[in-house]
Amino acid sequence: MKHSDPPLKETINNTSDTNFIRQEIEKDLQTNRYDSRVHTRFPPEPSGYLHIGHAKAICISFGIAEDYGGLYNLRFDDSNPLTEESEYVEAIKRDVRWLGFDWKDREYHASDYFETLYAYAVNLIEKGKAYVCDLTPDEMRTYRGTLVAPGTNSPYRDRSVEENLVLFQGMRDGEFPDGSRTLRAKIDMSSPNLNMRDPVMYRVLRAHHYRHGDNWCIYPTYDFTHGQSDSIEGITHSLCDVNFEDHRPLYDWFLEALEIYQPRQIEFARLNLTYTVLGKRKLRVLVEGGHVRGWDDPRMPTLAGMRRRGYTPESIRDFCNRIGVSKADNLIEMGQLEYSIRDNLNRRAPRVMAVLDPVKVIINNYPEGQVEMFDAENNPEDENAGTRKIPFSREIYIEREDFMEDPPRKFFRLAPGREVRLKHAYYIQCERVVKDENTGEIVEIHCTYDPETRGGWSEDGRRVRGTLHWVSTEHAVDAEVRLYDSLFTEREPESAAEGEDWIQFLNPDSLEILNNCKVEPSLVDAPPESRYQFLRMGYFCVDSDTTSEKLVFNRTVPLRDSWAKIQRGQK
RNA sequence: AGGGCGGUGGCCAAGCGGUAAGGCACAGGUCUUUGGCACCUGCAUGCGUAGGUUCGAAUCCUACCCGCCCUGCCA
């Protein structure tokens with residue numbers, strides 16, 4: 001029988017083509033419910049920076065629109081002037097663009113619909129479906145009832161249409177103090193769904209809106225803004241997180257009462273990640289409490305932080321595709337994210353040599369003053385990546401952890417009498433070590449090299465188990481390297497036991513700064529955000545703190561380390 | 001406790017009455033001038049629990065258990 005090649009394995013590594021939202025959309029497409037259109041939107045409130053959870057939402061909404069040949073809008077949900085700022089609008093646009101999505105000219109602001117929304121409100125008043133209420137916030141809470149007890153009708157519920165019209169106009173005209181009156185939808189105070197117990201549509205609030213200044217002193221609530229904004233923009237599928245499931249009946253009620261075009265809201269589970277917190281309020285606490293350096297601190301799960309850390313937009317989109325979409329609560333392991341960034345960087349990051357914790361190696365039989373230039377491949381995963389020259393000389397630095405005086409089993413690196421390969425250079429053998437008289441710390445390792453192994457090969461078939469990275473001392477460039485560990489020590493910091501504060505689970509060792517690192521000279525002018533693989537050490541990204549005086553790198557993620565695993569097993 | 005939504009291997013997630021996809025993680029192994037990458041192998045007689053319907057159930061029915069969300073004039 002003829003030998004045949006193994007069958008090609010179909011590698012489908014995501015489930016984005018089969019999630020329940022897509023199934024619903026396909027049904028709508030088949031029944032022609034929305035005229036065969038698919039039009040989605042991503043509606044952030046400009047009150048903070050986008051995080052990886054938003055990336056999931058963006059990938060779902062925009063990704064679906066792209067895949068079905070539809071359109072997607074970027075809409076700022078800015079109906080609360082108290083929390084919103086232009087700075088955030090710009091940051092959000094930067095991050096969405098960075099992720100690789102282009103909303104073209106479809107940038108909208110819910111606040112631009114304020115006039116229309118006001119007219120909608122008047123329309124509901126005229127239909128007898130909305131009324132001005134004078135209850136105070138406390139009273140309103142009491143009248144609302146509880147989860148198990150029905151509410152009570154407001155004493156202002158039966159005001160006449162005429163009176164409501166006059167009062168609502170008065171609200172807009174600034175005749176009433178903040179918080180003194182609201183416009184409410186007249187629905188059902190005994191509904192088991194609390195959102196339907198005459199929800200507030202408008203509040204009196206004298207606050208400066210970042211976009212409309214002091215033009216308004218009444219502002220519509222989320223519930224009276226969102227569905228109508230979707231309707232106005234011709235959205236077909238309004239995708240949001242499960243938090244809004246209970247709001248869907250209200251979303252539908254307003255659109256039906258208004259008798260305007262009605263999109264469909266579909267909810268999915270929001271993302272949770274181990275060893276971090278997601279959610280704007282909490283991230284804000286970290287920033288304002290000084291627990292991190294800012295929204296773009298490389299430890300933050302914000303897109304700005306991840307960008308600075310060295311994450312690529314491709315890796316984030318890959319991650320979002322891999323985790324799938326469902327309605328079940330989830331807690332995705334960091335390892336999943338790390339897999340996506342390693343996979344992406346493996347293919348695109350140029351390899352360079354950098355010694356983070358240097359110890360000097362002197363090659364005694366190498367001619368003093370001699371310098372050789374070796375060719376080093378830039379990326380074994382990319383044949384088009386080419387090569388670069390790296391200088392070699394009599395004195396080099398190697399990683400301190402790559403030498404052990406008394407090596408355990410399976411240690412393949414340098415040790416007394418042992419021979420190892422210096423990547424791209426020569427085989428060297430350790431002859432002796434010099435220690436500091438006082439501390440006992442190794443300060444020099446003396447070796448000899450084999451001139452017959454130039455480039456790292458030998459003709460005699462001799463095998464060496466270890467290959468070390470190195471940097472020539474006289475050519476080395478100094479650098480600062482920042483290593484990151486998880487922001488929290490708990491897998492699920494937000495599930496802090498009662499009475500405990502999640503902030504106490506912050507990892508005191510989430511940042512480690514290495515000041516004495518030596519990198520190969522090709523990196524002198526590496527620009528911020530450029531990414532590299534430091535051979536055998538991990539993926540690193542030039543930080544924006546870099547100056548012409550000092551290079552600063554962030555470790556994006558370490559390489560997988562099976563030696564560390566062996567060591568753990570030996571203990 | 002009223003309502004809503006969920007419960008498939010350590011973490012995600014397909015499955016839509018015909019006999020448990022895939023990914024991450026993990027464990028072995030091959031290869032290797034990165035202890036990286038790649039490649040190979042293994043990893044749920046089981047789908048919250050208990051009954052029932054059926055030739056056949058993760059999929060249908062009944063009851064129960066567990067988890068999350070909802071009592072802002074936030075979104």
Side-chain angles (χ1 to χ4, degrees), chain A residues 6 10-15 18-19 23 43-45 47 77-80 82-83 133 135-137 140-142 144-151 178-184 191-197 199-205 218-219 221-223 225-226 240 242-249 267 269 274 280-281 321-340 342-343 346-347 351 353 377 380-381 410-413 421-425 427 455-457 464-469 533-538 558-566:
Chain A
E10 191 77 16
T11 49
I12 297 171
N13 51 23
N14 67 68
T15 56
T18 55
N19 73 55
Q23 290 179 7
E45 183 191 18
S47 59
D77 217 337
D78 53 359
S79 57
N80 180 5
L82 263 19
T83 56
C133 181
L135 254 26
T136 65
M140 200 180 288
R141 193 175 311 120
T142 304
R144 186 159 33 232
T146 69
L147 294 177
V148 292
D178 286 7
S180 62
R181 286 189 224 256
T182 57
L183 182 71
R184 295 226 260 165
S191 170
N193 180 348
L194 297 255
N195 293 120
M196 301 299 273
R197 321 246 261 226
V200 170
M201 297 162 59
Y202 270 91
R203 67 266 206 185
V204 179
L205 180 61
I218 57 171
Y219 289 93
T221 57
Y222 164 84
D223 285 308
T225 304
H226 203 91
C240 61
V242 287
N243 230 343
F244 297 99
E245 225 158 8
D246 291 340
H247 292 251
R248 191 172 64 227
E267 311 84 7
T274 58
K280 251 183 277 191
R281 317 78 37 177
N321 280 149
R322 285 171 181 278
I323 59 175
V325 183
S326 77
K327 299 190 73 160
D329 289 339
N330 63 78
L331 180 63
I332 311 291
E333 292 177 342
M334 267 300 177
Q336 189 80 233
L337 227 198
E338 293 179 343
Y339 176 85
S340 288
R342 283 193 186 109
D343 183 57
N346 176 48
R347 280 174 280 169
R351 273 58 170 172
M353 294 203 285
E377 70 181 340
E381 304 294 319
K410 291 187 178 173
F411 182 82
F412 303 148
R413 282 112 94 142
R421 171 170 36 238
L422 292 177
K423 178 84 175 175
H424 304 306
Y427 291 1
W457 300 96
V464 289
R465 298 296 300 267
T467 299
L468 309 188
H469 59 98
Q533 183 193 102
F534 286 2
L535 223 62
R536 304 206 302 135
M537 300 305 286
L559 253 30
R560 291 189 64 197
D561 186 355
S562 57
W563 166 237
K565 203 174 297 177
I566 291 168

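Convention: sequence-line order gives letters A, B, ...; per-chain numbering from 1.
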Practice prompt. Select from A:L535 and A:A149 the residue whose nearest nucleotide in RNA chain B is closer to the 5' end of that strand.
Written response: A:A149
Practice prompt. Before accepting this row, confirm whether a basic side-chain N of the pair A:K565/A:D561 lies closer than 4.0 Å to the acidic partner's carboxylate O.
Written response: no
Worksheet item: Which whole number of Å gives the distance between the C1' atom of B:U32 and that of B:A44?
Response: 35 Å
Discussion item. Which nucleotide, if any, forms a Watson-Crick or G-U wobble pair with B:U54, using both distances under 3.5 Å?
Written reply: none
Worksheet item: Is there a side-chain contact between A:H247 and A:H226 (heavy atoms, below 4.5 Å)?
Response: no
Worksheet item: Which one of A:K423, A:R421, A:R536 satisfies the side-chain hydrogen bond (donor to acceptor under 3.5 Å, both in side chains) criterion with A:T467?
Response: A:R421
Worksheet item: Quick one: the side chain of A:D329 and the base of B:G7, do they pair up donor-acceptor inside 3.5 Å?
Response: no
Practice prompt. Give the rounded distance in Å between these two atoms: CZ of A:R421 and C1' of B:G36.
Written response: 15 Å
Worksheet item: What pair of heavy atoms forms the shortest contact from A:R351 to A:P380, and how long is it?
Response: NE-CD, 3.8 Å
Practice prompt. Check the distance between B:U8's P and A:N330's CG and give it to me in whole angstrom.
Written response: 11 Å
Item to complete: Would you sort out whether A:L337 and A:I332 count as a side-chain contact (heavy atoms from CB on, under 4.5 Å), showing the intermediate values?
Response: CA-CA 8 Å; A:L337 227 198; A:I332 311 291; over 6 Å; no
Worksheet entry | Separation between the P atoms of B:G18 and B:G2, rounded to whole Å | 37 Å
Discussion item. Closest approach to the side chain of A:K423, judged atom by atom: which nucleotide of B:G3, B:U71, B:U34 is it?
Written reply: B:U34
Item to complete: Please check the phosphate of B:G35 (OP1 and OP2 only) for any side-chain N or O of A:R536 closer than 4.0 Å.
Response: yes
Response to the item:
In Watson-Crick or G-U wobble terms, with both distances under 3.5 Å, the base opposite B:A27 is B:U41
Fill in: Rounded distance in Å between the P positions of B:U49 and B:U8
10 Å
Worksheet entry | Pairing partner of B:A63 (Watson-Crick or G-U wobble, both distances under 3.5 Å) | B:U49
Between the protein and nucleotides 73-75 of chain B, list the N/O to N/O atom pairs that are separated by less than 3.5 angstrom.
{"from": "B:C73", "atom 1": "OP2", "to": "A:R144", "atom 2": "NH1", "distance (Å)": "3.0"}
{"from": "B:C73", "atom 1": "N3", "to": "A:G179", "atom 2": "O", "distance (Å)": "3.0"}
{"from": "B:C73", "atom 1": "N4", "to": "A:L135", "atom 2": "O", "distance (Å)": "2.8"}
{"from": "B:C73", "atom 1": "N4", "to": "A:P137", "atom 2": "N", "distance (Å)": "3.4"}
{"from": "B:C73", "atom 1": "N4", "to": "A:G179", "atom 2": "O", "distance (Å)": "2.7"}
{"from": "B:C74", "atom 1": "OP2", "to": "A:R203", "atom 2": "NE", "distance (Å)": "3.1"}
{"from": "B:C74", "atom 1": "OP2", "to": "A:R203", "atom 2": "NH2", "distance (Å)": "3.1"}
{"from": "B:C74", "atom 1": "O3'", "to": "A:R203", "atom 2": "NH2", "distance (Å)": "3.4"}
{"from": "B:C74", "atom 1": "O2'", "to": "A:N80", "atom 2": "ND2", "distance (Å)": "2.8"}
{"from": "B:A75", "atom 1": "OP1", "to": "A:S79", "atom 2": "OG", "distance (Å)": "2.9"}
{"from": "B:A75", "atom 1": "OP1", "to": "A:R203", "atom 2": "NH1", "distance (Å)": "3.1"}
{"from": "B:A75", "atom 1": "OP1", "to": "A:R203", "atom 2": "NH2", "distance (Å)": "3.1"}
{"from": "B:A75", "atom 1": "OP2", "to": "A:Y222", "atom 2": "N", "distance (Å)": "2.7"}
{"from": "B:A75", "atom 1": "O3'", "to": "A:D77", "atom 2": "OD2", "distance (Å)": "3.4"}
{"from": "B:A75", "atom 1": "N6", "to": "A:H247", "atom 2": "NE2", "distance (Å)": "3.1"}

Fill in: Whole-Å P distance, B:G46 and B:U59
15 Å
Worksheet item: In whole Å, what is the span from the CZ atom of A:R248 to the C1' atom of B:C69?
Response: 13 Å
Worksheet item: When only distance counts, do a donor and an acceptor, one from the side chain of A:R342 and one from the base of B:G36, lie under 3.5 Å apart?
Response: no
Discussion item. What verdict does the salt bridge (Lys or Arg N to Asp or Glu O under 4.0 Å) test give for A:E267 and A:K327, after you've listed the backbone C-alpha separation in whole Å, the side-chain angles of each residue and the deciding distance to 0.1 Å?
Written reply: CA-CA 7 Å; A:E267 311 84 7; A:K327 299 190 73 160; 3.7 Å; yes
Worksheet item: Under the 3.5 angstrom rule, does the side chain of A:R248 hit a backbone N or O of A:F244 as a donor-acceptor pair?
Response: no
Discussion item. Roughly how many Å apart are B:U19 and B:G23, using the C1' atom of each and rounding to a whole number?
Written reply: 24 Å
Fill in: Between B:C43 and B:G3 - C1' atom distance, rounded Å
41 Å
Worksheet entry | d(CD, A:E333; P, B:G10) in whole Å | 11 Å
Worksheet item: Could you state the CG-C1' distance from A:L331 to B:C68, rounded to the nearest angstrom?
Response: 13 Å
Discussion item. Is there a side-chain contact between A:K565 and the phosphate of B:A27, meaning an N or O under 4.0 Å from OP1 or OP2?
Written reply: yes
Response to the item:
Between A:N193 and A:N346, whichever has its closest RNA chain B nucleotide further toward 5' is A:N193
N/O contacts under 3.5 Å, protein versus nucleotides 15-17 of chain B?
{"from": "B:G15", "atom 1": "OP1", "to": "A:Q23", "atom 2": "NE2", "distance (Å)": "2.8"}
{"from": "B:C16", "atom 1": "N4", "to": "A:Q23", "atom 2": "OE1", "distance (Å)": "3.2"}
{"from": "B:C16", "atom 1": "N4", "to": "A:Q23", "atom 2": "NE2", "distance (Å)": "3.0"}

Item to complete: Taking atom C1' in both B:U45 and B:C24, compute the distance separating them and give it to the nearest angstrom.
Response: 25 Å
Worksheet item: Does the B:G36 base have a donor-acceptor partner in the side chain of A:Q533 within less than 3.5 Å?
Response: no
Worksheet item: What do the steps show when you test A:R322 against A:Y339 for side-chain contact (heavy atoms from CB on, under 4.5 Å), and what is the final call?
Response: CA-CA 10 Å; A:R322 285 171 181 278; A:Y339 176 85; 3.5 Å; yes
Fill in: Shortest side-chain distance from A:Y339, nucleotide among B:A13, B:C70, B:A25
B:A25
Fill in: Nearest-angstrom distance from the residue atom CD of A:E267 to P of B:G4
14 Å
Worksheet item: When you compare B:G52 with B:A14, how far apart are their P atoms, in angstrom units rounded to a whole number?
Response: 31 Å
Item to complete: Specify the separation, in whole Å, of atom CG of A:N321 and atom C1' of B:C12.
Response: 14 Å
Worksheet, complete the sentence: Pairing partner of B:G2, by Watson-Crick or G-U wobble and under 3.5 Å for both distances, is B:C70
Worksheet item: Going by heavy atoms in the side chains, are A:H424 and A:L422 under 4.5 Å from each other?
Response: no
Fill in: Within-4.5 Å side-chain heavy-atom neighbours: A:L183 and A:I218
no
Discussion item. Of the options B:G6, B:G2, B:U34, whose atoms approach the side-chain atoms of A:K327 most closely?
Written reply: B:G6
Item to complete: Please report, rounded to the nearest Å, how far the C1' atom of B:C24 is from the CZ atom of A:R560.
Response: 10 Å
